[in-house]
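Have a look at the structure below before the remarks.
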Amino acid sequence: MSSKPIIVALDYDNKTEALQLIDKLDPKMCRLKVGKEMFTLFGPDLVKEIHRRDFELFLDLKFHDIPNTVAKAVAAAAELGVWMTNVHASGGLAMMQAAQQALLPYGDKAPLLIAVTVLTSMSDEELKLLGVDVSAAEHVKRLAALTQQAGLHGIVCSAQEASMLKAEFGPEFKLVTPGIRPAGVDKGDQHRVMTPPQAIAAGSDYLVIGRPITKAADPLAALSAIHASLA
Ligand SMILES: O=C(O)c1cc(=O)[nH]c(=O)n1[C@@H]1O[C@H](COP(=O)(O)O)[C@@H](O)[C@H]1O
């Protein structure tokens with residue numbers, strides 16, 4: 001487990017509301033994640049405002065395109081000084097290698113580069129509709145092997161696969177796990193979920209947690225409770 005494993009997913013269409021939430025959180029307790037909705041609405045200015053508040057940022061844009069385009073996109077993320085960014089592993093080995101090489105000039109200032117395997121909203125049935133005839137866990141393992149071969153730092157996966165993946169790919173290969181739900185909290189659209197302590201026990205390095213914190217009546221209390229449950 002990282003010494004600061006919680007990443008709060010900010011999925012807002014209103015910048016003022018998002019900044020109000022951020023101002024209630026403590027950068028010593030968590031990092032933040034900005035994804036497609038907020039980056040499309042508010043762009044690099046939002047990233048700068050978050051950095052000004054001393055939070056490290058995971059820029060979750062899940063790039064998936066031809067290698068040249070993804071390499072340039074990942075370098076653009078590095079220019080913004082983000083802590084972590086990601087691509088889809090299903091973009092393939094050449095795409096991931098190009099992305100990884102694009103970060104070499106940034107040395108130890110480069111963001112961690114992570115590949116999304118099978119989204120936590122996907123069930124085995126849904127994978128079948130895409131022509132994937134193995135289980136989600138098997139498909140994750142395949143994509144994780146490609147990701148490691150490409151030299152990336154780790155993957156996004158469900159915590160349900162974490163123990164199998166740690167055993168297979170080793171302790172240095174980072175596991176970033178969304179689909180986290182404290183006991184008794186609504187699953188929403190997530191299918192493959194675990195509680196925060198279960199996810200850490202299974203080998204997750206970072207927990208991506210959105211609505212259980214952002215929609216809580218008291219977000220700092222929700223964050224603090226999760227933080228305390230991991231101590
Ligand atoms: O890459 C991600 O962060 C991600 C991958 C995945 O497989 N599943 C997944 O839910 N996510 C993100 O994790 C966050 C989960 O938010 P909550 O479901 O509200 O906790 C969202 O911002 C999703 O975009």
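- Using a distance-only test at 3.5 Å, with no hydrogens or angles considered, no donor-acceptor pair links the side chain of R181 to the main chain of P212.
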side-chain contact (heavy atoms from CB on, under 4.5 Å) between T177 and M194: does it pass, once the steps are laid out? CA-CA 9 Å; T177 62; M194 269 196 177; over 6 Å; no

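- Under a hydrophobic clustering in which Ile, Leu, Val, Met, Phe, Trp and Tyr are joined whenever their side-chain heavy atoms come within less than 4.5 Å, directly or via other members, L57 and V74 fall into the same cluster.
- Contact check on E161 versus K141 returns no salt bridge, with no Lys/Arg side-chain nitrogen under 4.0 Å from an Asp/Glu carboxylate oxygen.
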Please report the C-alpha distance between V70 and H64 in whole Å, then the side-chain angles of each, then the deciding distance to 0.1 Å, and finally whether the side-chain contact (heavy atoms from CB on, under 4.5 Å) criterion is met. CA-CA 7 Å; V70 169; H64 186 167; 5.9 Å; no

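- The shortest non-hydrogen separation linking L59 to A77 is CD2-CB, 4.0 Å.
- Here the closest non-hydrogen pair linking A9 and T214 is O-CG2, 3.5 Å.
- Q198 and T195 share a donor-acceptor pair across their side chains, judged by distance under 3.5 Å alone.
- You'll find the side chain of Y206 stays beyond 4.5 Å of the side chain of L175, heavy atoms only.
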L93/Q149 under side-chain contact (heavy atoms from CB on, under 4.5 Å): CA gap, chis, key distance, verdict: CA-CA 8 Å; L93 183 62; Q149 193 184 338; 3.5 Å; yes

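- Looking at every heavy atom in both residues, K174 comes nearest to I114 through CB-CD1, 4.4 Å.
- Remark: side-chain polar atoms of Q160 are paired, donor with acceptor, to backbone N or O of V193 under 3.5 angstrom.
- Side chain of Q190 to backbone of K187: no donor-acceptor contact under 3.5 angstrom is found.
- In this structure a side-chain-to-backbone donor-acceptor pair under 3.5 Å is present from T147 to L143.
- Across A150 and M96, no two heavy atoms sit closer than the pair CB-CB, 3.6 Å.
- Here the NZ-CG distance, from K24 to L19, works out to 11.5 Å after rounding to the nearest 0.5 Å.
- Annotation: side chain of F173 is not in contact with side chain of K166 (no heavy-atom distance under 4.5 Å).
- Between atom CG of residue L230 and atom CG of residue L207 there is a gap of 6.0 Å, rounded to the nearest 0.5 Å.
- Proximity of Y12 to L41: side-chain heavy atoms (C-beta onward) are nowhere separated by under 4.5 Å.
- For the pair S123/L127, no side-chain contact is recorded, criterion being any heavy-atom separation below 4.5 Å from C-beta on.
- Side-chain heavy atoms closer than 4.5 Å link hydrophobic residues (I, L, V, M, F, W, Y) into clusters, and following such links, possibly through other members, connects L130 to V156.
- Looking only at side-chain heavy atoms (C-beta outward), M84 and P111 stay at 4.5 Å or farther from each other.
- Of all the heavy atoms in A115 and L152, the pair that sits closest is CB-CD2, 3.9 Å.
- When all heavy atoms are compared, the tightest approach of P196 to I180 is CG-CG2, 3.6 Å.
- Connection of I50 to I7 is not established within any shared hydrophobic cluster, with ILVMFWY side chains joined at heavy-atom distances below 4.5 Å, either directly or through further cluster members.
- No donor-acceptor pair under 3.5 Å is formed between the side chain of R31 and the backbone N or O of I6.
- Under the 4.0 Å criterion applied to side-chain N and carboxylate O atoms, D189 and R211 are assigned as salt-bridge partners.
- Using a 4.5 Å cut-off on side-chain heavy atoms (C-beta onward), I213 and I226 make contact.
- Here the CG atom belonging to L112 is positioned 10.0 Å from the CG atom belonging to L103, to the nearest 0.5 angstrom.
- Inter-residue side-chain proximity for D205 and P5 is flagged as unmet; no heavy-atom pair is nearer than 4.5 Å.
- The shortest side-chain heavy-atom distance between D60 and V34 does not fall under the 4.5 Å cut-off.
- Neither F58 nor L46 shares a network with the other; the hydrophobic side chains, linked directly or stepwise wherever heavy atoms of I, L, V, M, F, W or Y lie under 4.5 Å apart, form separate groups for each.
- Remark: side-chain polar atoms of T85 are not paired, donor with acceptor, to backbone N or O of L113 under 3.5 angstrom.
- For the atom pair NE2 of H153 and CD of Q100, the computed distance is 7.5 Å after rounding to the nearest 0.5 Å.
- With hydrogens and angles disregarded, a donor-acceptor distance shorter than 3.5 Å links the side chain of S224 to the backbone of L220.
- Distance CG/L32 to CE/M38: 10.0 Å, rounded to 0.5 Å.
- Within a 6.0 Å sphere centred on NZ of K72, other residues, nucleotides and ligands contribute 12 heavy atoms or fewer.
- When hydrophobic clusters are built by joining Ile, Leu, Val, Met, Phe, Trp and Tyr residues whose side-chain heavy atoms come closer than 4.5 Å, directly or via intermediates, L10 is grouped together with L223.
- Judged purely by atom type and a 3.5 angstrom limit, T120 has no side-chain atom pairing as donor or acceptor with the backbone of S158.
- Between atom NZ of residue K33 and atom CZ of residue F55 there is a gap of 15.5 Å, rounded to the nearest 0.5 Å.
- With hydrogens and angles disregarded, no donor-acceptor distance shorter than 3.5 Å links the side chain of N86 to the backbone of V116.
- The environment of NZ in K15 is crowded: more than 12 heavy-atom neighbours from other residues, nucleotides or ligands sit within 6.0 Å.
- A salt bridge between R53 and D23 is present, with a side-chain N of the basic residue lying under 4.0 Å from a carboxylate O of the acidic one.
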